[in-house]
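Input: a single structure, listed below in structure tokens.
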Amino acid sequence: IVINFHLRPEYLGTLYEGIAVFSPDGRFIAANRSALLQLGSDRFRMDSQTFNSLFRLSLARLLDQIRYNPHHVLKLTLFSGTEFFCRVRSGAAISPSTLLPICSPTREVIRLLPSAKNREILPEELELGDTRMRGLIAKAIRVAGHDIPIMIEGESGTGKELLAHALHNAGPRRDGPFIPINCASVPEGLIESELFGYQEGAFTGAKRKGHIGKIREADKGTLFLDEIGEMPLHLQARLLRVLQDRTVTPLGGNTSYHIDLSILCATNRKVRDAVSAGSFREDLYYRLNGLLLTLPNLREREDKILLAEKILRDISGGDRNITLHPDVIRIFERHPWPGNIRQMHNILRTAVALADERNLITLDELSEDFMEQAGPFGCLEISCEPAALKNNKDGLLTEIEAKHILAVLDKTSGNVAAAARVMGIGRNTLYRKLKNIGNYSA
């Protein structure tokens, strides 16, 4: 039994409709990514679901309704109250290439998950359970295909370029090139020639045959302007003209070239503030900001552990089922993550290398710098009450940390090296903490 559904009836029959497959007895068998996104889950968490556990209408009643009018658009309501518009096909053939099997996350299934490096990621794959990300991705999917310029804001390392690439893959120019340029990393004297291109002999040191430029490279595809807020003011007017006229003229040339491209841009600071300060053109800002997507930083996300598990699968290429020790999970949940997803990826890549052939990441595989950055959260026992941490006043957290350090030292008979290993920090770090405690003589 195949159900094609969407929150909006006009999306039925398009690439954005959800497809869910149920067995005759109502078991959830498979779904495409759009279906999982709209249901707010993933294929592993849907393993125990049935049609009757999801929808207020029983499967038997649904089949009765379509018996005499199989092409009729019906309404289905989740127990949460969300309404879908759907068409139902009983015994229909489906394309398995578009569907993901609903199953438990066993080692055999994880082996089948392709590496992110070897495939084109889609926006819905970036949603792993965080509420803000779910709303952001849903917005992005709704505007895909409408040629609306999108501006992505977020701290460094939150995955702005990954989201931009996913939006390109979901748009009408997915078969064209995705051309990124970082406006902050290119020297100011070169960014104009890199972006707009130049003719042969346009300036000293120019390539013999000139340079096509990033804008023309992105023709029929997507131009991704990373750190757009760092673009020099004098180039912003020229970029605005290109976007308005859809033509570009290389440096030193007289010929204008027509371009057909999508524009995505990203920034790690609020461009509105730059507009107010006069360092960014207001007209260019509104030309680029058709839709603003603000990526949450990692420390605020609700799906940190699911994200870590996904990164581990990508690092291992699906060949190993690498898991996190509960102590590592505890620290990951509380860590401030100033480097966001980029930091998590580097920490886990190093941890996998240090683990050799072992499939469990423990505190021993986490770097000393990372543990120091975790601060007291890296040392607290799991039994510590969250309320005590949340309402930390008058040095309460320091007192808890000191008691924990002394307790671990007591268990290790005063062996500082052994105590440091137990707490997952470096020996020098522990000596410094002991010196601050002042009640211990090393």
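Values in this document were obtained by computation on a predicted structure and should not be read as measured data.
Applying the side chain to side chain donor-acceptor pair (under 3.5 Å) test to pairs two or more places apart or on separate chains, those with a residue in residues 336-352 are E155-N340, S156-R342, Q343-Q373, N346-R349. Every pair passing salt bridge (charged side-chain N to carboxylate O under 4.0 Å, His left out) that includes a residue from residues 255-266 is listed here, sequence neighbours excluded: R173-D260.
Taking the ring centroids of F28 and F22, they lie under the 6.0 Å cut-off.
Ion pairing of E192 with R238 is present here, as a side-chain N (NZ or NE/NH1/NH2) and a carboxylate O approach within less than 4.0 Å. With salt bridges taken as basic N to acidic carboxylate O contacts below 4.0 Å, none links R272 and E282. Looking at R132 and D130, no side-chain N of the basic residue comes within less than 4.0 Å of a carboxylate O on the acidic one, giving no salt bridge. A salt bridge links R358 with E365: the distance from a Lys NZ or Arg NE/NH1/NH2 to an Asp or Glu carboxylate oxygen falls below 4.0 Å.
Residues H168 and T222 have side chains that bring a donor and an acceptor to within less than 3.5 angstrom of each other.
A 4.5 Å side-chain heavy-atom check between R87 and I3 finds every atom pair outside the cut-off. Side-chain atoms of I215 and Y257, non-hydrogen and from C-beta on, never get closer than 4.5 Å to each other. Contact annotation: the side chain of V352 approaches that of I322 to within less than 4.5 Å [non-hydrogen atoms, C-beta and beyond].
Under the 3.5 Å distance criterion, the side-chain polar atoms of E227 are matched with a main-chain donor or acceptor of N268.
For D303, the side chain to side chain donor-acceptor pair (under 3.5 Å) partners two or more places apart in sequence, or in a different chain, are R301.
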- Task: Would you sort out whether F370 and H335 count as a ring-ring contact (aromatic ring centres under 6.0 Å, His included), showing the intermediate values?
- Result: CA-CA 9 Å; F370 175 77; H335 199 276; 4.1 Å; yes
